[in-house]
Amino acid sequence: MNKKVIIRTLEKIALYMELKGENPFKVSAFRKAAQALELDQRSLSEIEDVTKLKGIGKGTGDVILELMDSGKSSVLEELKEEVPKGLIPLMKLQGLGGKKIAKLYKELGIDSAEALKQACIDHNIQKLPGFGPKSEDKILKELMEFDSKPGRHPIWKTAEAVAAINEILEGITEVSEFSVAGSYRRTKETSKDLDFIVATSQPSIVKEQLLAALPVQETIASGDTKVSVTVEFQDPIDIDFRLVASEEFVTALHHFTGSKDHNVKMRQLAKSQNKKISEYGVEQEDGSIKTFNSEEDFFAHFGLPFIPPSVREDGRETDRIEELPELVSIEDIISDLHMHTVWSDGAHSLKEMIDACRSRNYEYMVITDHSQYLKVANGLTPERLLEQNGQIRELNKEYDDIEVLSGTEMDILPDASLDFDDEVLKQLDFVIASIHSSFQQPQEQIMERIHTAMKNPYVHMIAHPTGRIVGQRSGYDPDVEQLLDWASEYGKIVELNASPYRLDLAVEFLEMAQEKGVPVAINTDAHAIDQLEVMAIGVRHAQKAWLKRDNVVNTWPLEKFKAYLKK
DNA sequence: GCCGTTTTCGGCCCGACTGTTTTCAGTCG
């Protein structure tokens with residue numbers, strides 16, 4: 001039995017129990033059991049006794065054992081008899097939870113979205129105790145928009161919204177300090193909404209100014225400390241602003257940066273020290289509230305080093321603090337191995353890219369323009385490539401503060417051949433191989449193409465290994481585990497493409513790469529000078545996989561890098 | 001339902017906002 005199926009079943013049981021109005025702690029016990037399984041790296045067969053896992057006891061353990069045994073869960077089946085299936089999707093509606101939905105079912109027999117809609121139209125909802133005209137209105141509106149609402153927003157879209165909001169907040173003089181928080185600050189690849197913490201002594205003025213400056217589509221909530229709006233930038237997106245006093249800024253920022261699991265862990269830790277964390281500060285044993293000047297101080301108060309937002313995810317980060325000093329950080333990055341110039345589809349010249357990298361204090365860099373197959377990108381023929389190679393070698397002599405290496409981003413063609421002959425490749429310092437075409441091929445063909453590149457002794461790195469675009473396309477679906485095994489076998493580097501459009505490899509695969517000892521290069525794939533900045537996003541994405549500095553190629557000194565290429 | 005070198009019973013993270021109430025439950029993050 002698949003572990004994922006068991007996890008989903010436990011979560012489903014929790015959901016049904018919620019709809020049945022079960023004790024909320026019992027409900028969360030099933031969620032915790034699901035999480036315990038999820039967080040355990042081992043496969044089911046490797047776990048000797050599931051009930052030994054923290055969070056799994058007799059009740060949830062029995063469910064798991066039954067599932068492993070028979071593939072069924074009698075607990076879930078009984079619940080399904082009591083609770084109609086049509087209630088499940090209603091949980092997604094804003095403002096409706098288990099209890100209210102249970103009430104709608106018991107009192108009005110509502111068992112589907114369709115029935116709920118009709119009840120709203122017939123004004124039967126507002127007659128129920130606990131509901132009123134406003135609830136009825138809201139539910140109907142939610143139901144109408146249900147299908148049109150986008151789920152999660154990819155980071156490359158939210159980045160634009162964040163930039164626009166930052167600009168607005170900078171322009172409000174009553175704002176003393178502000179920061180984006182939430183999943184965006186944790187560099188999740190998608191976000192459901194955006195959170196901002198705004199420090200001010202005049203919340204009502206700031207609130208007014210904000211609402212006036214934003215393209216507000218709808219106001220969801222508007223209290224003294226919280227403003228929730230749906231804003232229409234490119235797509236509609238929900239944004240929460242928390243207006244707090246200056247001294248509360250740090251604890252509010254920590255609280256609303258999350259994740260939820262991280263906060264739960266921190267609060268448990270605080271409790272064990274007889275303290276209490278809230279967004280307003282840390283309540284001490286004597287009842288006084290302590291506030292902080294920085295998140296560093298906040299963590300230090302609990303005896304912890306600063307935990308970067310990017311790793312505040314599943315709550316286990318507080319147990320991994322000894323790994324933090326080894327975690328790759330932006331200061332460690334001394335090179336970028338993948339970028340384009342006007343020779344192919346880039347916006348800037350060789351010299352301009354070199355100067356931009358010098359101003360970032362890189363010790364070395366590689367120019368990697370596209371190869372001839374990619375006609376739309378003005379890919380280089382062998383002749384042009386060798387001409388560029390010559391120019392790079394000349395230019396490199398002019399600088400003593402940076403080493404400019406000559407490379408290519410060579411296409412792996414649909415027929416599993418490579419775009420350049422070995423005779424050409426051997427003249428280059430660094431060869432990237434990547435797939436830009438025929439994404440729809442069956443996995444065996446895709447893997448054959450990748451295998452060709454892996455086997456070639458002159459290829460050093462596979463770029464954007466899955467070809468995905470975050471939140472838009474899933475790429476060409478390679479068998480990543482096989483790909484990493486080959487990389488390990490043939491001594492190749494895999495790329496973490498830092499472009500927020502790609503973030504390819506994804507976090508789970510980066511973890512896998514590190515486990516297998518495959519070195520990762522974080523590269524910007526910059527097509528213009530300003531895109532060199534996405535290195536910071538890539539590094540934070542790498543942190544989410546707990547990549548160690550030593551496993552990241554572009555933290556290596558030039559000599560070590562060159563030695564690796566030679567072997 | 002799960003957990004426990006203070007505990008086998010009594011907790012389980014904490015607080016704001018809304019819409020309903022007339023002091024609060026439900027929902028959300």
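In the text below, chain A, chain B and the rest are named by the order of the sequence lines, each starting its count at 1.
Residue-level contact check: A:Leu128 touches neither bases nor backbone, having no heavy atom under 4.0 Å from any strand. If you check every strand for non-hydrogen atoms under 4.0 Å, A:Gln268 touches sugar and phosphate atoms only. Across all strands, A:Lys260 comes closer than 4.0 Å to base atoms (heavy-atom distances). Residue A:Leu93 is classed as a sugar-phosphate contact, given heavy-atom separations below 4.0 Å to backbone atoms only. Nucleic acid contact for A:Lys265: none, since no nucleic acid atom lies under 4.0 Å from a heavy atom of the residue. At a threshold of 4.0 angstrom between heavy atoms, the contacts of A:Ser222 are confined to the sugar-phosphate backbone, with no base atom among them. Using a 4.0 Å heavy-atom distance criterion, A:Phe256 is classed as making no nucleic acid contact. Residue A:Lys192 is classed as a sugar-phosphate contact, given heavy-atom separations below 4.0 Å to backbone atoms only.
Note that the CG atom of A:Asp238 and the OG1 atom of A:Thr230 stand 4.0 Å from one another [nearest 0.5 Å]. Here the CZ-CD1 distance, from A:Phe241 to A:Ile168, works out to 7.0 Å after rounding to the nearest 0.5 Å.
With sequence neighbours excluded, the residues forming a ring-ring contact (aromatic ring centres under 6.0 Å, His included) with A:Phe298 are A:His254, A:Phe292, A:Phe302, listed by chain and number.
Looking at which nucleotide of DNA chain B each of A:Asp193 and A:Ile277 is closest to, the 5′-most match is held by A:Ile277. In terms of position on DNA chain B, the residue among A:Ser28 and A:Lys134 whose nearest nucleotide sits closer to the 5' end is A:Ser28.
The partner of B:dT8 is absent, by the rule that a Watson-Crick or G-U pair needs both atom distances under 3.5 Å.
For the C1' atom pair drawn from B:dG1 and B:dT5, the interatomic distance equals 24 Å after rounding to whole Å. One C1' atom belongs to B:dC13, the other to B:dT27, and the distance between them is 16 Å to the nearest Å. Straight-line distance between the C1' atoms of B:dC2 and B:dT7: roughly 14 Å, to the nearest whole Å. Distance noted for atom C1' between B:dT8 and B:dC3: 10 Å (whole Å). B:dA16 and B:dG11: their C1' atoms are spaced 24 Å apart (whole Å). The gap from the C1' atom of B:dT20 to that of B:dC12 amounts to 28 Å, rounded to the nearest Å. Separating the C1' atom of B:dT18 from that of B:dT23 is a span of 15 Å, rounded to the nearest Å.
Mapping heavy-atom proximity under 4.0 Å, the span of DNA chain B touched by chain A runs 5' to 3' from B:dG1 to B:dG29.
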**Asked** Passes side-chain contact (heavy atoms from CB on, under 4.5 Å), A:Glu66 versus A:Ser74? Steps please.
**Response** CA-CA 8 Å; A:Glu66 190 191 350; A:Ser74 46; 3.0 Å; yes

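Sparse packing is recorded around CD of A:Glu81, with 12 or fewer heavy atoms of other residues, nucleotides or ligands lying under 6.0 Å away.
For B:dT7, the glycosidic angle deviates from 0 by 90° or less, giving a syn base.
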Hey, can you pull the donor-acceptor pairs under 3.5 Å for the side chains in residues 245-252 of chain A, sequence neighbours left out?
unit_1, atom_1, unit_2, atom_2, d
A:Ser246, OG, A:Ser176, OG, 3.2
A:Glu248, OE1, A:Ala245, N, 3.2
A:Thr251, OG1, A:Glu248, O, 3.2
A:Thr251, OG1, A:Glu279, O, 3.0
A:Thr251, OG1, A:Gly281, N, 3.4

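Remark: A:Glu174 does not engage A:Lys207 in a salt bridge, criterion side-chain N to carboxylate O under 4.0 Å. The pair A:Arg186-A:Glu313 meets the salt-bridge criterion, with a side-chain N (NZ, NE, NH1 or NH2) lying under 4.0 Å from an Asp/Glu carboxylate O.
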